[in-house]
Amino acid sequence: MNNTDLLDSFFNKKQISINRGGIFDVQPGNLPENFDFDRIEGLMIGLAAGDSLGVSTESMPPGLRRVVYGEIKDYFSRWFGGKHVGYPSDDTQLAFWTLDQMIKDGGLDPEKLSKRFSSERIFGIGRTVIKFLYNYKLRKLPWYKCGPRSAGNGALMRIAPMVIPYLKTGDKQMWVDTALSAMITHNDSGSISACLSFVNIIWQVLKMDSPPEPSWWIDTYINTAKDLEINHTYRAKSRKFRGYEGTIHEFVDKHVRETYERDIPTFDACKAWGSSAYLLETVPSVLYILMKHGNDPEEAIIRAINDTFDNDTIGAIVGAVVGALHGKKGIPKRWIENLSGRTSKDDDGKIFEILERAKNNFYI
Ligand SMILES: [Mg+2]
């Protein structure tokens, strides 16, 4: 069965936790004539850089992190004598394994990708992915029954490469593959809709030759997510927004927009709604950083890794988007040169090799 028929069967049997929104009928459209693969290198290296810049102080309250480390602008490792080398965590691993597997399979094969996710050690693995592995490897359930309903950010952090097989065709099957890839580990309406909305954002910025207006980021997110998100009520956990119950895109519409109008700094905004792995906090934080600093890729990534709690993943998502917008040339050289490029224990340089193969397979 092809992926489109497979997804239709999941919609018919209500096996996937989103509505069949309008995005599935929209052709993403071709990239401009003068498109340069530098943008794709920016997308994937931006993701890896954001992850590696954040991972050494992952899940630390930003106020405390600031006191202990000051403003972080470079890789450093607490465990390797402060060497300025960027080592990856799960964000980089899962994103590059996805790309590598799609190169091998000529596009997304969700069964094979599920197997790939469960075949190597994952650094800093999240709780939901552990549950997925339990369902897939131990209980031996079919892949489409293994993803828990979880609104964690573990699918969103690895979704960026879904645009790559479509660089030449701009076909709407990109949305189908994104939904299937997302549901492997997180079969949840907030997560799958966030994945589709960000893949759309990435595709749109690949077409741009200058940064969009600040409101474009949230408007585009909301327009994609609004008819995908099932009316699950996500509850805010932060004190400031206690009592909020609703969808993620409604939270963005109400609160991110208003916070921007009041010109609140990213540190305070992310503190107010929280910046954990919970998508009701991750998505507002990412969008707000893009609204404030989308025109400056270095500053956007620095804000992501300094001003948020789940800073490696928020750094990875912000890094992917600003990398797609500004290209590899927009990412500071020191972050590229000092990146180990690992996707595993000792395969230094692997990410650059995968990118080269992606270029030959899906672009040239
Ligand atoms: Mg991580």
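Whatever order the structure lists them in is the order used to number ligands and atoms, beginning at 1. Note that this is a predicted model, so its numbers are computed, not measured.
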**Student:** By atom name, which N, O or S atom of D90 is the nearest to the Mg ion (ligand 1)?
**Tutor:** OD1
**Student:** Could you confirm whether S89 has any N/O/S atom lying under 2.8 Å from the Mg ion (ligand 1)?
**Tutor:** yes
**Student:** Using modelled atom types and a 3.5 Å cut-off, is there a donor and acceptor pairing between side-chain atoms of Y221 and backbone atoms of V252?
**Tutor:** no
**Student:** Given R158, which of T185, D91, T98, D90 fulfils the side chain to side chain donor-acceptor pair (under 3.5 Å) condition?
**Tutor:**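 Filter result, single survivor: T185.
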**Student:** Which value, rounded to the nearest 0.5 Å, describes the distance between E58 atom CD and I314 atom CD1?
**Tutor:**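 One finds 10.5 Å between CD of E58 and CD1 of I314.
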**Student:** Considering just N/O/S atoms, say which atom of D312 is closest to the Mg ion (ligand 1).
**Tutor:**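 Considering only N, O and S atoms, D312 comes nearest to the Mg ion (ligand 1) through OD2.
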**Student:** Assert yes or no for the condition that the ring centre distance of Y234 to Y244 is strictly below 6.0 Å.
**Tutor:** no
**Student:** Report the atom name of the nearest N/O/S atom of D91 relative to the Mg ion (ligand 1).
**Tutor:**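 The atom in question is OD1.
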